[in-house]
There are 2 protein chains.
Amino acid sequence: MKIGELARVTGANIETIRYYERIGLLPEPHRTAANYRSYGEAHRSRLAFVRHSRDLGFTIEEVRSLLDLSDHPERDCGEADRIATRHLSQVEEKIAQLQVLRDELARIIGRCRGGLAGDCRVIEALGDHGYCEGRHA
Amino acid sequence: MKIGELARVTGANIETIRYYERIGLLPEPHRTAANYRSYGEAHRSRLAFVRHSRDLGFTIEEVRSLLDLSDHPERDCGEADRIATRHLSQVEEKIAQLQVLRDELARIIGRCRGGLAGDCRVIEALGDHGYCEGRHA
DNA sequence: CTTGACCCTGTAGCTGCTACAGGCTGCATA
DNA sequence: TATGCAGCCTGTAGCAGCTACAGGGTCAAG
């Protein structure tokens, strides 16, 4: 399978596949006589692992560790659990932050009744006059 | 006020302030005889506006538009409302995505009972064997 | 024999900062 | 007066994680 087909079946971008190879996340595949990359099932499945991990928000370095564990089934999986658990709590924290943010945005927008920018509550709220007494306390 | 003090009172980083000036978000301040930047109240308040907008997750380009409106109080504030409303829906979408992600992470982690990586459900779930029948459907 | 789709390498760009290197200025202290 | 140190200056490079070229080779169909 050439790179274009691998891209199609995994949903990854061709440039991204080459990028992953460059940073050592994917192994260098064999090359055809014309110097084209040639992939097999192992490559496909490894790339799927990477894409899925990335979709879940793991960083490249976390993916590297998870791949490493996946390559060494005799090791203890506690490390995988730690990585995933830490990531989960980061996701939860991010959700909480975004919820605070959403509420403040909604509050600001709710006050806009149209008209001139000079009287606009959205603009005003972004300045430091009408802003949110004690929010950082 | 010199750049260090402006940084202190606004909570922004010195490098960031110079960066904002470079990209035209903040106007070039006067310089002292020694070529030091010299800021006044207008600069402070503009920087506070920028920081607050950035804290709310607006992009630099969105901040530029909002600043522009703030500089022209005679314009219609509908644009500010549109920018903020669009941003709000992006935030809401991001929250929804992260919640899906959190649930899947929690599900994956919940299945790990320790032991060897070869038997680890976390590792397994990241591959494409046990993964997600029809999730992308 | 040409067209067009595909592949190659290498490099630069994106966002929003942050971190130097290498050099001035200004003020306090010995 | 010398010296040290904090603070300022410019310019450039780095971060994550791709993405987008430019400029070229390869291959099958018509």
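Chain letters run A, B, ... following the sequence lines, proteins first and then strands; every chain starts at 1.
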Closest listed nucleotide, where the reference is the side chain of I60(B) and the choices are dC18(D), dC17(C), dC9(D): dC17(C)
A34(A) side chain, from C-beta outward: closest of dG17(D), dT12(D), dC27(D):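 Looking only at side-chain atoms, A34(A) lies closest to dC27(D).
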How long is the line joining [atom1] of [X] and [atom2] of [N], in whole Å?
| X | N | atom1 | atom2 | answer |
| --- | --- | --- | --- | --- |
| I23(B) | dG16(C) | CD1 | C1' | 8 Å |
| L25(B) | dG16(C) | CG | C1' | 11 Å |
| Y36(A) | dA5(C) | OH | C1' | 9 Å |
| E21(A) | dC18(D) | CD | P | 15 Å |
| E61(B) | dC17(C) | CD | C1' | 15 Å |
| R22(B) | dG11(D) | CZ | P | 9 Å |
| R31(B) | dG7(D) | CZ | P | 19 Å |
| F58(B) | dT15(C) | CZ | C1' | 17 Å |

side-chain contact (heavy atoms from CB on, under 4.5 Å) between I17(B) and Y39(B), worked out: CA-CA 11 Å; I17(B) 297 174; Y39(B) 298 97; 3.6 Å; yes
Euclidean distance, H43(B) NE2 relative to Y20(B) OH, rounded to 0.5 Å: 15.5 Å
Donor-acceptor contact present, side-chain S53(B) to main-chain F49(B), <3.5 Å: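 Yes: the side chain of S53(B) pairs with the backbone of F49(B).
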Sugar-phosphate only, base, or nothing, as touched by R64(B) at under 4.0 Å among non-hydrogen atoms: nothing
side-chain contact (heavy atoms from CB on, under 4.5 Å) between L56(B) and I108(A), intermediate numbers included: CA-CA 11 Å; L56(B) 285 171; I108(A) 288 173; 3.9 Å; yes
Option among E5(A), E21(A), E28(A) that satisfies the salt bridge (Lys or Arg N to Asp or Glu O under 4.0 Å) test with R37(A):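 Result: among E5(A), E21(A), E28(A), E21(A) is the only option passing the salt bridge (Lys or Arg N to Asp or Glu O under 4.0 Å) with R37(A).
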ILVMFWY cluster, L67(B) and I109(A) together (side-chain gap under 4.5 Å): yes
Side-chain ion pair, D71(A) and R46(A), N-O less than 4.0 Å: yes
Contact under 4.0 Å: R37(A) side-chain N or O vs dC7(C) OP1/OP2: no
Nucleic acid contacts - residues 1-20 of chain A versus DNA chain D, non-hydrogen atoms under 4.0 Å: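 Of all residues in residues 1-20 of chain A, the ones placing a heavy atom under 4.0 Å from DNA chain D are N13(A), E15(A), T16(A), Y19(A), Y20(A).
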